[in-house]
Amino acid sequence: MEQTVTHNTKWWSGGKSPFNIEYGKIMMWYFLLSDSFTFGAFLISLGTVRFGLNYWPEPSIVFNTFPFAGHANLPLAFVSVMTFVLIISSVTMVLAVHAGHNRDKKGVEKYLIFTIIGGLIFLSCQAWEWTHLLTAKNPVLVGDHIEVMAQRNGFNPWGEIVLPQDVAPALAKTSPETLATLVHEQHLSHASHAELLKTPKDQLIQMLSNSEMVVRKPGPAAFGGFFYGITGFHGFHVSIGVILLIIMLIQTKMGVFERRGRYLMIEKIGLYWHFVDLVWVFVFLCFYLI
Amino acid sequence: MSNHYDPTKDISPSAAYPEVSFAHHTDDSTFKKRVIRTTVILSVLTVLELALGFTIYALHKGEPSHALLLFIKGVVCILTLAKAYYIVSVFMHLGDEIRNFIMTIVVPLLLFIWFIIAFLADGHSYKTLRNQYDPYFKESTTPSGHPVIPSDVHKYNSQKGQRQ
């Protein structure tokens, strides 16, 4: 039936939307189109820099931790949780929009709350991941000695691996404080950090050279800039989305859409929310998979 | 106005705004089936992507061939595009809109084809030229022993084992 209407309607004769969509919804689509080019430009510039360098850290050496799992090597695990959270929140958003079509106020409220919770879980996961990357203690070969470093502005600890024969001389030139921290971080001794500081240097070096500690050189500086820039910009979009959803929830509760006779605003915010999910699909691809 | 098509006659409850001529009406059971189907497809595609991600990780423990890695990464990119298609077409209902509108969204997106090819080629050409004319850059940044991919934790440990 819709097909016949499409063919027989004079779409451009005025009085109706030639695209058969309400004005605000069209504008939301065009905003999202332009936003996709913003994200696209960011991700493509990442690609350009990556294609322009001989070395780029593998995702599995950077993103291999999980909350409360300590030093266990779990590549991709945490980000898969984040991805599924966002997919599920997208599904609950579809359900909220559909409930809106049916003018089911209770349904809209319920699914909006689920979606907001999904968004908040995603943001908390991202906050945890950023904190972890910024505070982790990685052994890095700086010049002729080893330093304990996390991701810093213009620096990251995920460079090329240092071969065992180069680690031994570097350990000899490393400060005792750093050695104590490394022994403590690698769980090589039951002694506390303070006790380790009093341990003779040779003993610390002995413990470390018998361990499975991996030392790396500093990685390409652009890595951090792109990672925090792009995931931060995406996280900013998610935050805006959560705020908009909360406003929608309040308006639904106040009966604004009920009185208006339509839940069109839910549809528009829904489009935005799905777009945020869509962008994550590509961020996931560019940072974590390839 | 009188001899034109009168949209207000065709209004369904969900399309109670004047400029829209007809609404897409899906009954609850069809809708439910469609959402469940899309959710399953998206989850399966994500699981496949993760499986390939782990394959890449496992391959890095040995000496992977560049072509094989490129092939796997290409497959992951295609799976991602499939996911994007399902999100846009079903969740965002773009597939239900009329053709003219779909085209105003999809045609500008074609710019990405040029965008990606041109800028990746640019990066690649920069690297090639730098490696050719700046030996220091080449020496200091090319991973030792592995022209393409750096060695992995596992590799380090096995080398260590041999040493002891």
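Remember, it's a predicted structure, so these values are computed and weren't measured experimentally. Protein chains get the first letters and strands the later ones, always in sequence-line order, with residue 1 at the start of each.
- Both the backbone and the side chain of A:F275 have a heavy atom closer than 4.5 Å to some heavy atom of chain B.
- Neither the backbone nor the side chain of B:L79 comes within less than 4.5 Å of any heavy atom in chain A.
- For a residue to count as touching a neighbouring chain, one of its non-hydrogen atoms must lie under 4.5 Å from one of that chain's; by this rule B:I56 touches chain A with the side chain only.
- Applying the 6.0 Å contact sphere to CZ of B:F71 captures no more than 12 heavy atoms from other residues, nucleotides or ligands.
- B:L42 places none of its side-chain heavy atoms less than 4.5 Å from the side chain of A:V91.
- Put simply, the side chain of B:T104 does not reach to within 4.5 Å of the side chain of A:W29, judged on heavy atoms.
- Using modelled atom types and a 3.5 Å distance limit, the side chains of A:N20 and B:N100 yield no donor-acceptor pair.
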Listing, residues 40-51 of chain A side-chain donor-acceptor contacts under 3.5 Å, not counting sequence neighbours, or none:
| from | atom 1 | to | atom 2 | distance (Å) |
| --- | --- | --- | --- | --- |
| A:S45 | OG | A:A41 | O | 3.2 |
| A:S45 | OG | A:F42 | O | 2.7 |
| A:T48 | OG1 | A:I44 | O | 2.9 |
| A:T48 | OG1 | B:F119 | O | 3.3 |
| A:R50 | NH1 | A:I290 | O | 2.9 |

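- At a threshold of 4.5 Å between non-hydrogen side-chain atoms, the residues A:F284 and B:T80 do not count as touching.
- For B:Y86, the OH atom sits in a loose shell: 12 or fewer heavy atoms of surrounding residues, nucleotides or ligands are nearer than 6.0 Å.
- Nearest heavy-atom pair across B:K83 and A:V281 is CE-CG2, 3.9 Å.
- A:Y55 places none of its side-chain heavy atoms less than 4.5 Å from the side chain of B:T142.
- Residue A:I61 holds its CD1 atom at 10.0 Å from NE2 of B:H60, rounded to the nearest 0.5 Å.
- Using a 4.5 Å cut-off on side-chain heavy atoms (C-beta onward), B:F54 and A:S60 make no contact.
- Contact record, A:S90 with B:F91: OG-CD2, 3.8 Å, taken as the closest heavy-atom pair.
- Using a 4.5 Å heavy-atom threshold, the side chains of A:E58 and B:Y57 count as separate.
- No other option in B:I116, B:N131, B:V35, B:D122 has as many heavy-atom pairs under 4.5 Å with chain A as B:N131.
- Listed here is the closest heavy atom pair of A:L76 and B:L50: CD1-O, 4.1 Å.
- Of all heavy-atom pairs between A:S36 and B:F112, the closest is O-CZ, 3.3 Å.
- Here the CD1 atom belonging to A:I87 is positioned 3.5 Å from the OG1 atom belonging to B:T46, to the nearest 0.5 angstrom.
- Top candidate by heavy-atom pairs under 4.5 Å with chain B, chosen from A:L53, A:V97, A:I88, A:V79, is A:L53.
- Within the 4.5 Å cutoff, the side chain of A:L271 has no heavy atoms near those of the B:H93 side chain.
- Remark: A:F155 CZ is packed, more than 12 non-hydrogen atoms of other residues, nucleotides or ligands lying under 6.0 Å away.
- Only the backbone of A:P18 comes within contact range of chain B, with at least one heavy atom under 4.5 Å from a heavy atom of that chain.
- Here the side chains of B:E97 and A:F19 are not in contact, with every heavy-atom distance at 4.5 Å or above.
- Both the backbone and the side chain of A:L289 come within less than 4.5 Å of a heavy atom of chain B.
- With chain A as the partner, the residue from B:V47, B:L94, B:L109, B:L111 showing the most heavy-atom pairs under 4.5 Å is B:L94.
- Ring orientation note: the planes of B:F115 and A:F37 are close to parallel, at an angle under 30° on the 30°/60° scale.
- With a threshold of 4.5 angstrom between heavy atoms, B:S43 approaches chain A through its backbone and through its side chain.
- Evaluation of the side-chain hydrogen bond (donor to acceptor under 3.5 Å, both in side chains) rule for B:T141 yields A:N54 as partners, not counting sequence neighbours.
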